[in-house]
Amino acid sequence: VAGDYVLAVDVVGETTGAYAFRLLDLASASAITPGTAVSGQLNPGNETDLYRFNATAGDRFFFDNQQTGTGNTYWRLLDPFGRTVSGPTHMGTDIGALTLGLDGSYTLLIEGRDSATGTASYSFSVTAMQDPAPVALAFDTLVSGRIETAGARDAYAFTLGGPSQL
């Protein structure tokens with residue numbers, strides 16, 4: 001909302017000491033296209049890069065780390081209201097598959113630790129996941145398959161005629 005704001009920095013009791021912060025404008029995030037690899041570099045290593053993409057409530061996405069240069073890089077996903085959906089998660093790990101709960105623009109932050117120095121390269125992709133239609137499942141039948149894509153899942157459907165123990 002447009003207007004004038006005051007950001008206060010406070011301490012507890014008689015605590016004193018240095019502090020540092022950076023105020024980021026999420027509207028300045030670079031747009032990404034799901035399914036396209038994104039590469040970047042934190043320079044300096046303690047900065048934050050912002051990316052955004054649009055989603056509809058119920059959409060599933062797989063967040064895949066493809067390369068990280070240091071152990072001081074993290075990613076965090078914010079919903080259209082700026083609330084944390086996931087993270088911060090070390091970028092050496094995929095966030096994995098997430099089902100998003102709201103319509104709108106999501107922001108992905110690639111963050112360096114405040115103590116990080118130098119630079120940190122990274123590469124990731126955000127991929128929309130489409131679930132296949134469930135396949136009919138018969139009792140006492142061996143089912144085998146293969147998951148070909150990280151974050152994908154297969155679904156099977158069956159019907160019970162009444163209370164059952166499977």
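Worth saying up front: this structure is predicted, and the values here are computed from it rather than measured. Numbering starts at 1 and runs along the sequence shown.
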Quick check for you: to the nearest 0.5 Å, what is the distance between [X] atom [atom1] and [Y] atom [atom2]?
{"X": "Leu109", "Y": "Thr84", "atom1": "CG", "atom2": "OG1", "answer": "8.5 Å"}
{"X": "Asp79", "Y": "Ser86", "atom1": "CG", "atom2": "OG", "answer": "12.0 Å"}
{"X": "Thr89", "Y": "Leu77", "atom1": "OG1", "atom2": "CG", "answer": "9.5 Å"}
{"X": "Gln66", "Y": "Met91", "atom1": "CD", "atom2": "CE", "answer": "9.0 Å"}
{"X": "His90", "Y": "Ile95", "atom1": "NE2", "atom2": "CD1", "answer": "12.5 Å"}
{"X": "Ile110", "Y": "Trp75", "atom1": "CD1", "atom2": "CH2", "answer": "6.0 Å"}

Determine whether a donor-acceptor pair (N or O, by modelled atom type, separation under 3.5 Å) exists between the side chain of [X] and the backbone of [Y].
{"X": "Arg60", "Y": "Met129", "value": "no"}
{"X": "Asp64", "Y": "Ser125", "value": "no"}
{"X": "Asp94", "Y": "Asn65", "value": "yes"}
{"X": "Ser164", "Y": "Gly162", "value": "yes"}

How about [X] and [Y]: do any of their side-chain heavy atoms sit closer than 4.5 Å?
{"X": "Thr56", "Y": "Leu102", "result": "no"}
{"X": "Ser28", "Y": "Leu50", "result": "yes"}
{"X": "Leu98", "Y": "Val85", "result": "yes"}
{"X": "Val11", "Y": "Thr16", "result": "no"}
{"X": "Arg52", "Y": "Ile32", "result": "no"}
{"X": "Asp59", "Y": "Tyr106", "result": "no"}

Connected via hydrophobic side-chain network under 4.5 Å: Ile147 and Leu137: no
Would you kindly confirm whether Val143 and Val135 end up in one hydrophobic cluster when ILVMFWY residues are joined by side chain heavy atoms under 4.5 Å apart?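 In one cluster: yes.
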Is the gap between the ring centers of Phe124 and Tyr51 under 6.0 Å? yes
The test is side chain to side chain contact (heavy atoms under 4.5 Å, CB included); show your working for Thr119 and Leu42 and say whether it passes. CA-CA 5 Å; Thr119 61; Leu42 300 179; over 6 Å; no
Geometric class of the Phe53/Phe63 ring pair [parallel <30°, tilted 30-60°, perpendicular >60°]: tilted
Would you name the heavy atoms of [X] and [Y] that are closest together and state the gap between them?
{"X": "Phe61", "Y": "Ala55", "answer": "CE1-CB, 3.7 Å"}
{"X": "Ser39", "Y": "Ser123", "answer": "OG-OG, 3.4 Å"}
{"X": "Val1", "Y": "Tyr5", "answer": "O-OH, 2.7 Å"}
{"X": "Pro134", "Y": "Tyr156", "answer": "CB-C, 4.3 Å"}
{"X": "Asn46", "Y": "Ala116", "answer": "CB-O, 3.7 Å"}
{"X": "Pro132", "Y": "Ala155", "answer": "O-CB, 4.5 Å"}

Does Tyr74 have Arg113 sitting over its ring (NZ/CZ under 6.0 Å from centre, angle to axis within 45°)?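 The answer is yes, since Arg113 meets both limits relative to Tyr74.
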Just by distance, no angles: are the side chains of Thr73 and Glu111 close enough, under 3.5 Å, to form a donor-acceptor pair? no
Side chains of Tyr122 and Asp49: donor-acceptor distance under 3.5 Å anywhere?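 On atom types as modelled, these side chains qualify, holding a pair under 3.5 Å.
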I'd like to know whether CZ of Phe139 has more than 12 heavy-atom contacts from other residues, nucleotides or ligands below 6.0 angstrom.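 Yes, enclosed.
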Leu108 and Arg76: CA distance, side-chain angles, deciding distance, side chain to side chain contact (heavy atoms under 4.5 Å, CB included) verdict: CA-CA 6 Å; Leu108 185 64; Arg76 175 189 326 242; over 6 Å; no
